[in-house]
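See structure below.
Reckoned from all heavy atoms, side chains included, excluding hydrogens, waters and symmetry mates.
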Amino acid sequence: MDKIEITGGIRLKGEVTISGAKNAVLPLMTAAILSSGDSNIHNVPHLRDVMTMGKLLAHLGFGFHLENSKILLRTKKVTSIDAPYDFVKTMRASVLVLGPLLARTGRAKVSLPGGCAIGARPINLHIMGLEKMGAKINLAEGYIEAKAKRLRGATIYFDMPTVTGTENLMMAASIADGTTILENAACEPEVVDLANALISMGADIEGAGTSVIRIKGVSRLRPLDYTAIADRIETATFIAAAAITGGDIRINGGRPEHIEAIISKMKEAGVKITLKNNKLTVKGPDRLSSVDIKTMPFPGFPTDMQAQFMTMMAIAEGTSLITESIFENRFMHVAELRRMGADIRIEGSTATVKGIDTLKGAPVMATDLRASASLVVAGLAAEGTTVIDRVYHLDRGYERIEEKLKMLGAEIRRIK
Ligand code: EPZ
């Protein structure tokens with residue numbers, strides 16, 4: 001397993017370009033299932049999760065090719081309707097083939113995703129929605145077996161906003177018979193990106209980005225040719241890296257309108273963020289101020305930035321309260337930050353972070369994608385050397401992160 005070694009204390013300087021968003025590209029790839037022909041997706045990051053989804057689509061009989069940040073998907077015919085456990089257990093987003101496969105072929109057999117490091121993460125809301133659209137679903141030996149001659153439009157209310165649940169049902173509804181209303185739908189930018197892609201394929205969708213989405217089923221969709229949005233969490237992670245090292249960087253390609261809650265909290269913590277001819281300029285203060293956050297569905301503060309922000313608060317002036325309201329176990333990074341000297345106490349879903357002067361480098365272990373990002377941010381600021389183990393978690397969601405950080409002056413290297 002690769003490790004990453006960082007010698008901290010260097011103020012980051014220079015310019016970085018943000019890659020395409022993993023959580024936009026994954027549903028865009030499964031949207032291609034809804035059409036028969038050749039689809040292209042642009043601005044694709046070279047990530048493990050993208051390759052895993054590509055392999056899954058190839059398993060279903062589709063042609064998949066990724067080169068120079070562009071995916072070619074050939075979805076002429078489906079030769080399997082089965083998404084086996086091997087794929088789903090490595091990447092929960094595999095569940096995004098369920099809606100499109102069922103809508104296109106009338107059948108789908110998808111392994112139930114196991115839990116994962118950050119929580120149980122059931123998919124009951126995905127299943128509830130498909131049943132409302134007329135699907136017959138039974139769960140056997142860890143698999144979801146879904147059947148539907150023709151899905152029909154329905155009004156579906158989500159008990160809580162679910163990103164991939166909204167995406168799965170929006171895709172299924174786009175070629176169903178009649179109109180579907182999704183209520184309490186997720187509003188994330190990646191949901192809007194998927195809706196825009198489906199509309200470019202000929203779908204009739206209104207309201208994406210709000211909590212009520214209306215989808216009027218059409219008989220068929222054209223293949224897609226679409227450019228994914230930039231990764232808002234990668235953008236925010238680089239802001240955190242500049243903030244914590246007292247750096248001064250420029251970020252190309254980030255979309256400030258996708259990270260308003262984060263920018264507002266970063267400014268409260270003393271980070272100077274300005275937008276100059278479409279580039280974000282980020283200047284970190286000599287000492288960060290402590291700020292309270294509570295993770296919420298979009299447009300609130302995203303759960304995917306909770307760990308990275310906690311790392312910043314670990315060396316801020318004062319005490320901050322960090323409440324994780326989306327996942328039940330997303331504090332796996334706390335034990336690792338404590339090894340670096342952080343003073344963090346957890347009570348239920350709230351962590352109390354008492355700012356200390358500086359973190360100390362140490363050997364630490366990544367447990368999930370965003371926790372590993374928080375350890376990189378910690379290593380950049382810590383005195384001495386930090387070695388992060390199990391960086392395959394990092395490779396799932398960050399394209400060439402050590403090269404990008406090296407370009408900003410960080411002393412960082414990958415140990416094979
Ligand atoms: C998406 O996961 C993202 N993944 C996650 O990013 C992100 O953390 C999460 O949304 C929240 O923003 C992708 O887009 C591929 P949810 P998803 O369904 O869709 C509960 C990363 O780091 N829930 O919005 O799986 C669930 O347990 C990943 O890139 C149900 O109870 O998240 C959670 O508490 C990590 N039943 C809450 O809703 C359901 O049927 C939100 O989950 C579905 C969800």
Contact between [X] and [Y] at the side-chain level, heavy atoms closer than 4.5 Å - yes or no?
{"X": "F238", "Y": "V282", "value": "no"}
{"X": "R250", "Y": "L280", "value": "no"}
{"X": "M170", "Y": "I213", "value": "yes"}
{"X": "P223", "Y": "M201", "value": "no"}
{"X": "R232", "Y": "E190", "value": "yes"}
{"X": "D231", "Y": "P45", "value": "no"}
{"X": "H65", "Y": "R74", "value": "no"}
{"X": "M310", "Y": "L337", "value": "yes"}

Just how far is it from atom [atom1] of [X] to atom [atom2] of [Y], taken to the nearest 0.5 Å?
{"X": "S349", "Y": "N329", "atom1": "OG", "atom2": "CG", "result": "12.0 Å"}
{"X": "L12", "Y": "L405", "atom1": "CG", "atom2": "CG", "result": "6.5 Å"}
{"X": "I415", "Y": "I4", "atom1": "CD1", "atom2": "CD1", "result": "9.0 Å"}

Short side-chain donor-acceptor distance under 3.5 Å, [Y] and [X]:
{"X": "Y226", "Y": "D193", "value": "yes"}
{"X": "T323", "Y": "T350", "value": "yes"}
{"X": "H333", "Y": "Q306", "value": "yes"}

**OP:** Report the C-alpha separation of T281 and I273 in whole Å, then their side-chain angles, then the decisive distance to 0.1 Å, and conclude whether the side-chain contact (heavy atoms from CB on, under 4.5 Å) test is met.
**Re:** CA-CA 6 Å; T281 300; I273 302 179; over 6 Å; no

Compile the donor-acceptor pairs under 3.5 Å between side chains in residues 357-370 and protein atoms, sequence neighbours left out, one pair per line.
from : atom 1 : to   : atom 2 : distance (Å)
D368 : OD2    : R370 : N      : 3.4
D368 : OD2    : A371 : N      : 3.3
R370 : NH1    : Y398 : OH     : 3.0

Heavy-atom pair with the smallest gap, counting every atom of [X] and [Y]:
{"X": "S174", "Y": "L198", "result": "OG-CD2, 4.3 Å"}
{"X": "V110", "Y": "V97", "result": "CG2-CG2, 4.1 Å"}
{"X": "A230", "Y": "N43", "result": "N-ND2, 4.2 Å"}
{"X": "A243", "Y": "M312", "result": "CB-CE, 3.8 Å"}
{"X": "P297", "Y": "P161", "result": "CG-CG, 3.9 Å"}
{"X": "G253", "Y": "I18", "result": "C-CB, 4.4 Å"}

**OP:** Kindly determine whether D395 and R48 satisfy salt bridge (Lys or Arg N to Asp or Glu O under 4.0 Å), including the steps that lead there.
**Re:** CA-CA 6 Å; D395 297 335; R48 283 166 59 103; 5.8 Å; no

One thing to verify: whether [Y] and [X] come together as a salt bridge, which I'm taking to mean a side-chain N less than 4.0 angstrom from a carboxylate O.
{"X": "R11", "Y": "D286", "result": "yes"}
{"X": "R400", "Y": "E402", "result": "no"}
{"X": "D248", "Y": "K13", "result": "no"}
{"X": "R330", "Y": "E324", "result": "no"}

Whether [X] side chain and [Y] backbone form a donor-acceptor pair below 3.5 Å:
{"X": "T311", "Y": "A378", "value": "no"}
{"X": "R390", "Y": "K3", "value": "no"}
{"X": "S290", "Y": "E317", "value": "yes"}

Original post:
Going through the checks in order, is the side-chain contact (heavy atoms from CB on, under 4.5 Å) test met by L28 and L194?
Top reply: CA-CA 6 Å; L28 290 175; L194 175 63; 4.3 Å; yes

**OP:** Start with the C-alpha distance between E347 and R345, add both sets of side-chain angles, then the distance that settles salt bridge (Lys or Arg N to Asp or Glu O under 4.0 Å), and finish with yes or no.
**Re:** CA-CA 7 Å; E347 242 152 281; R345 250 177 322 105; 3.5 Å; yes

**OP:** Could you tell me which residues satisfy salt bridge (charged side-chain N to carboxylate O under 4.0 Å, His left out) with K416, sequence neighbours excluded, listed by chain and number?
**Re:**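 For K416 the salt bridge (charged side-chain N to carboxylate O under 4.0 Å, His left out) partners, ignoring immediate neighbours, are D2.
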
Original post:
By salt bridge (charged side-chain N to carboxylate O under 4.0 Å, His left out), which residues pair with D343, not counting sequence neighbours?
Top reply: none

**OP:** Hey, could you give me each pair passing side chain to side chain donor-acceptor pair (under 3.5 Å) that has a residue in residues 131-146? Not counting sequence neighbours.
**Re:**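 Qualifying pairs: none.
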
Subject >> H59: ring-ring contact (aromatic ring centres under 6.0 Å, His included) partners, not counting sequence neighbours >> reply: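 F87.
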
Just list the side-chain donor-acceptor pairs under 3.5 Å for residues 262-271, sequence neighbours left out, or say none.
from : atom 1 : to   : atom 2 : distance (Å)
K265 : NZ     : D292 : O      : 2.8

